[in-house]
Participant: 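Sharing a structure below in structure tokens format, with a few things to ask.
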Amino acid sequence: MKESAPAWLYEMVHRAVEQRFHTDPKKLKLRIAINHEEGKGDFTVYVFPLAGILRQPPEEIARALGDYLSSHSEEIEKYEAVKGFLNLYLHPAAWRAQFYTIAQTPQYGHRPESGKLALVEYASPNTNKPLHLGHIRNIVLGVAISRILQSQGWRVRTTQVVNDRGIAICKSMLAWQRWGQGKGPNDYRPPIKGDKLVGDFYVLFSQKFDEEYEQWQQSEEAQRIYRKYGDGKDPKAFFRSYKNTYFQQHSPLARQAMDMLRAWEAGDLSVRALWQKLNAWVLEGIEQTFRRLDARFDKVYYESEVYQLGKAYVLQGLKEGLFERQDDGAVVVDLSAEGLDRRVLLRKDGTSLYVTQDIGIAYLRQEEFQPDAMLYVVADEQEYHFQALFAILKLLGFPSAEGLYHLSYGMVELPHGRMKSREGTVVDADDLMDEVVRLARQESEGRGELEGLPEEEKERIYEVIGMAALKYAILRVGAKKKMIFNPEESIDLQGQTGPYIQNAYVRICGVARKLGVTLEEEVGYSDTYAPEGVEIALIKQLSEYPRALQQSAEEYNPAVLASYLYQLARSFHRFYHEQPIVQAETEAARRFRWQLCRTTARIIKDGMYLLGMEVPERM
RNA sequence: GGCUCCGUAGCUCAGCCGGAUAGAGCAGCUGACUUCUAAUCAGCAGGUCGCAGGUUCGAGUCCUGCCGGAGUCACCA
């Protein structure tokens with residue numbers, strides 16, 4: 001539903017309803033939609049509600065309203081009444097005025113600061129492996145929604161929680177200790193990124209563990225277990241399902257990893273030193289990837305520092321009777337009133353869990369920032385977790401419980417299925433970015449528009465184009481939808497893509513060079529030019545920008561803005577094709593069209609920035 | 001099994017707090033570069049909006065049931 005008619009049009013129609021029908025327009029919720037297709041007018045007023053109240057045929061009402069409007073206002077050029085639809089056509093001069101309002105509004109589409117603060121958590125990497133395609137989706141969404149909220153008056157602070165402890169990092173630590181020959185990232189040639197190095201040892205652990213498990217399956221002990229629990233199943237199937245138990249109970253390798261975890265928790269100095277060394281390597285590597293994706297964080301939480309924090313709040317809740325202690329000592333909460341189950345908040349040995357930690361972090365943030373809203377950009381597999389977390393926080397009387405929101409997004413899958421890091425079927429984030437930039441370079445070199453530019457400048461442009469292709473491909477689909485990503489076909493550079501939008505900006509820069517002006521320069525307006533066809537279509541698109549931004553923010557959905565920018569670029573490309581600018585028939589036309597270009601460029605740049613993309617001046 | 005999400009053109013997706021003949025892109029076919037960048041534009045072709053009911057002047061959109069796919073329902077994170 002598009003409610004993007006300008007305010008003055010609403011007022012005009014409301015006034016007409018009041019005077020012509022003596023009905024209070026505020027009770028009606030009259031809809032006025034802008035139309036981009038031909039043949040339905042510029043705007044459509046839906047008169048069904050009015051017809052219902054007056055108990056008259058919709059078409060008659062529409063005609064009466066149209067008569068009144070066209071004789072009482074100079075903006076309306078003509079109208080058509082079709083059934084309950086009143087199609088209004090605006091006079092070209094009205095469109096010109098509408099456009100000038102847009103062109104002269106600084107920060108068009110943005111809203112003034114409301115003073116409200118939103119905290120956005122995203123990225124949240126693990127320190128045992130490099131970032132992959134799933135993280136890219138997360139980060140791209142996180143960056144975009146942060147900036148979009150900001151444009152709508154929110155103060156925004158970004159945070160991440162680094163998963164730097166637990167059994168996974170211990171696996172990497174153990175494998176590196178045993179097989180890493182003491183070599184760090186810079187001991188290789190060429191040097192390896194730290195996150196890659198540690199990730200390789202994580203994979204190596206899995207391989208060694210698998211080998212160990214294979215061998216063990218031949219052992220007397222394994223055969224005995226199979227006979228006892230195998231239930232006559234196929235041995236292969238049985239041992240596949242037994243893998244976890246093997247890890248817990250039999251594996252010498254796993255035992256060492258778990259010993260390491262225990263030693264870490266006990267604060268063992270040498271284990272802590274090893275942990276710190278590997279973590280530092282990984283974080284440095286990940287930081288590089290973050291920079292390339294424009295991920296910035298105002299506050300970083302390390303799980304190793306906060307994972308115990310929630311306990312106090314759980315115990316407090318226990319005292320207040322919100323939670324209960326089971327016979328075995330575990331603290332649980334009954335969420336059946338919320339349609340959820342019982343959740344354990346503290347283990348019987350008193351240690352905390354993932355939820356416990358998130359409760360603690362929420363309170364910590366509350367103290368530090370007093371946010372009005374908290375957004376968690378996290379994959380949809382954790383939807384249940386966040387439902388429970390939010391319900392528990394509400395129960396505890398958490399201050400901004402109403403402002404909690406899980407921006408959940410679907411998994412990114414490969415054509416063959418889910419990505420599994422242990423199986424090596426992941427698309428590495430850095431590799432993917434290199435690949436799209438390579439494609440951009442290839443494409444660009446093929447057309448040779450950048451010849452003569454210094455190499456460094458060219459590379460920067462390839463980067464900007466490639467990253468836009470990647471980011472746009474992710475942002476244009478609704479977050480909830482799971483994405484199937486085909487690395488072979490990779491990313492399009494033609495059609496509904498980031499580069500398509502960038503190309504509109506590049507074309508405008510080309511016009512500017514030809515005209516000998518800059519985008520910033522004021523060149524004056526024409527008061528006589530009457531815009532037509534493609535020009536009006538472009539103005540209509542421009543006037544939808546505020547709506548797109550607002551909707552994007554309210555729905556926490558960058559895809560709305562992404563698809564808007566495509567529409568805008570499309571209208572521009574069409575206009576550019578049909579209307580000469582530098583060679584315009586008259587001075588008035590040239591000025592007007594250049595203003596149109598300039599404003600379009602401004603909005604494209606602004607919108608692309610809000611989505612986390614840059615625009616080049618050439619491509 | 002409970003809950004959540006998804007099902008729209010060959011493929012990838014918009015549209016979903018009800019509106020007119022359901023929109024794009026890719027792939028396919030036809031045209032447009034001595035002109036401001038053809039990463040573009042114009043056109044053709046492609047649809048029982050998963051199925052069945054219901055509400056409504058009007059349903060891809062809302063309600064109910066069913067079918068298919070995914071996720072989740074851990075004292076893992």
Side-chain angles (χ1 to χ4, degrees), chain A residues 1-2 31 33 35-37 39-40 44 46 48 51-52 57-58 82-85 87 124 126 163 165-168 303 307 326 328-332 339-341 343-358 379-385 387-388 408 410-411 413 418 440 443-444 446-450 465 469 473 476-478 480-486 489 492-504 506-515 559-560 562-563 566-567 569-570 572-584 593-594 597 618-619:
Chain A
M1 185 174 65
K2 309 222 157 148
R31 296 217 301 106
N35 292 324
H36 297 285
E37 313 92 288
K40 293 189 196 172
T44 298
Y46 295 87
F48 293 98
V82 186
K83 292 186 271 186
F85 309 102
N87 297 331
S124 301
N126 300 316
N163 257 289
R165 60 169 283 280
I167 190 69
E303 198 184 280
Y307 78 108
Q326 288 185 162
D328 63 5
V331 178
V332 299
L340 305 167
D341 309 278
R343 304 279 301 184
V344 176
L345 299 177
L346 285 179
R347 277 187 270 246
K348 59 187 169 208
D349 63 4
T351 53
S352 51
L353 291 108
Y354 185 40
V355 235
T356 327
Q357 172 186 312
D358 268 351
D380 64 3
E381 53 183 352
Q382 293 195 32
E383 226 148 73
Y384 188 80
H385 166 76
Q387 276 179 33
S408 133
M411 307 296 290
E413 292 183 12
R418 267 179 88 155
E443 182 78 15
S444 181
R447 60 187 82 234
E449 294 285 350
L450 300 181
I465 297 170
R476 70 179 209 119
V477 329
K480 286 260 172 72
K481 211 148 188 158
K482 83 172 183 221
M483 273 181 61
I484 295 168
F485 183 83
N486 191 336
E489 292 172 12
D492 285 334
L493 299 174
Q494 264 102 26
Q496 187 178 354
T497 65
Y500 175 92
I501 299 166
Q502 290 175 320
N503 186 233
V506 166
R507 284 178 142 181
I508 294 169
C509 291
V511 175
R513 278 193 295 274
K514 203 79 174 184
L515 284 170
V560 171
S563 98
Y566 171 70
Q567 298 296 341
R570 204 153 78 102
F572 174 79
H573 282 306
R574 206 170 279 172
F575 153 75
Y576 178 90
H577 240 265
E578 247 181 67
Q579 301 283 32
I581 301 155
V582 180
Q583 304 290 332
R593 287 177 196 155
W594 171 242
C597 288
R618 298 167 186 270
M619 64 192 286

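Chain naming here is simple, since letters A, B, ... match the order of the sequence lines and numbering starts at 1 in each. All values below come from the heavy atoms of this structure, side chains included, with hydrogens, waters and symmetry mates left out.
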Participant: Could you please name the option among U21(B), A77(B), U72(B) that lies closest to any side-chain atom of Lys40(A)?
Facilitator: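 Output: U21(B).
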
Participant: Distance alone, cut at 3.5 Å: any donor-acceptor contact between the side chains of Asp341(A) and Tyr384(A)?
Facilitator: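 Present: a donor and an acceptor within the cut-off.
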
Participant: Is C49(B) syn or is it anti, if syn means the base angle is within 90 degrees of 0?
Facilitator: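 This nucleotide is in anti.
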
Participant: Counting only side-chain heavy atoms from C-beta out, which of A77(B), U40(B), U4(B) sits nearest to Gln494(A)?
Facilitator: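 Looking only at side-chain atoms, Gln494(A) lies closest to U40(B).
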
Participant: What is the distance from atom CD1 of Ile581(A) to atom CG of Leu515(A), rounded to the nearest 0.5 Å?
Facilitator: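 If we round to the nearest 0.5 Å, Ile581(A):CD1 and Leu515(A):CG are 8.0 Å apart.
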
Participant: Can you tell me how far C1' of C6(B) sits from CE of Met483(A), to the nearest Å?
Facilitator: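 Nearest whole value for this atom pair: 15 Å.
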
Participant: Determine the interatomic distance between C1' on C44(B) and the same-named atom on C5(B); round to the nearest Å.
Facilitator: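 These two C1' atoms come out 37 Å apart once rounded.
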
Participant: Taking donor-acceptor contacts at under 3.5 Å, does the side chain of Arg476(A) reach the base of U12(B)?
Facilitator: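 Indeed there is one.
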
Participant: Using the P atom as the point on both nucleotides, what is the distance between G10(B) and G50(B), in whole Å?
Facilitator: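 So the two P atoms sit 13 Å from each other.
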
Participant: With P as the reference atom in both, quote the distance from A52(B) to A45(B) in angstrom, rounded to an integer.
Facilitator: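 Result for the P pair: 27 Å, nearest Å.
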
Participant: Please tell me which of the listed nucleotides, A77(B), A14(B), A24(B), lies nearest to the side chain of Lys481(A)?
Facilitator: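 Minimum distance to the Lys481(A) side chain belongs to A14(B).
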
Participant: Please give the distance between the C1' atoms of G71(B) and C26(B) as a whole number of Å.
Facilitator: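 So the two C1' atoms sit 29 Å from each other.
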
Participant: Say we look at A20(B) and G2(B): how far apart would their P atoms be, to the nearest angstrom?
Facilitator: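 Their P atoms lie roughly 36 Å apart.
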
Participant: Can you tell me how far the CZ atom of Arg507(A) sits from the CZ atom of Phe572(A), to the nearest 0.5 Å?
Facilitator: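 Result: 7.0 Å between the selected atoms.
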
Participant: Starting at the 5' end of RNA chain B and moving along, which residue's nearest nucleotide shows up first, Arg618(A) or Lys480(A)?
Facilitator: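 Its nucleotide being nearer the 5' end, the pick is Lys480(A).
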
Participant: side-chain contact (heavy atoms from CB on, under 4.5 Å) with Val344(A): which residues, sequence neighbours excluded?
Facilitator: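 Listed in chain order: Ala330(A), Val332(A), Leu353(A).
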
Participant: With rounding to the nearest 0.5 angstrom, report the CD to CE distance, Glu381(A) to Met411(A).
Facilitator: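 Reported to 0.5 Å precision, the distance equals 4.0 Å.
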
Participant: Pairing of RNA chain B as dot-bracket, 5' to 3': ( ) intra-strand, [ ] crossing, | other strand, . unpaired, with Watson-Crick or G-U pairs under 3.5 Å?
Facilitator: (((((((..((((.....[...)))).(((((.......))))).....(((((..]....))))))))))))....

Participant: Indicate, yes or no, whether a donor-acceptor pair under 3.5 Å links the base of A20(B) to the side chain of Asn87(A).
Facilitator: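 Under the 3.5 Å cut-off, the side chain and the base do form a donor-acceptor pair.
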
Participant: Determine the Euclidean distance between corresponding C1' atoms of G58(B) and G43(B); express it in Å to zero decimal places.
Facilitator: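 Here G43(B) and G58(B) have their C1' atoms 33 Å from each other.
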
Participant: Between G60(B) and C16(B), how far apart are the two P atoms, rounded to whole Å?
Facilitator: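 Straight-line distance between the two P atoms is 14 Å.
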
Participant: Let me spell it out: for each of Phe575(A) and Asn163(A), pick the nucleotide of RNA chain B with the closest heavy atom. Which residue's pick is nearer the 5' end?
Facilitator: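 Taking each residue's closest nucleotide, the earlier one in sequence belongs to Phe575(A).
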
Participant: If you round to the nearest 0.5 Å, how far is CE of Met619(A) from CD of Glu443(A)?
Facilitator: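 CE of Met619(A) is found 8.5 Å from CD of Glu443(A).
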
Participant: If you only use heavy atoms from C-beta on, which nucleotide in A38(B), C41(B), A77(B) is closest to the side chain of Tyr576(A)?
Facilitator: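 Nucleotide nearest to Tyr576(A)'s side chain: A38(B).
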
Participant: With hydrogens left out and only the distance checked, is there a donor-acceptor pair under 3.5 Å joining Ser563(A)'s side chain and the base of A24(B)?
Facilitator: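 Such a pair does not exist between side chain and base.
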
Participant: Quick check with a 6.0 Å cut-off and a 45 degree axis cone: is Arg476(A) positioned over the face of Tyr566(A)'s six-membered ring?
Facilitator: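 Geometry flag: not set, cation outside 6.0 Å or 45°.
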
Participant: Do Thr44(A) and Asn35(A) have a side chain donor and acceptor closer than 3.5 Å?
Facilitator: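 There is such a pair between these side chains.
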
Participant: With rounding to the closest Å, how many angstrom separate the C1' atoms on A9(B) and A27(B)?
Facilitator: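 Their C1' atoms lie roughly 12 Å apart.
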
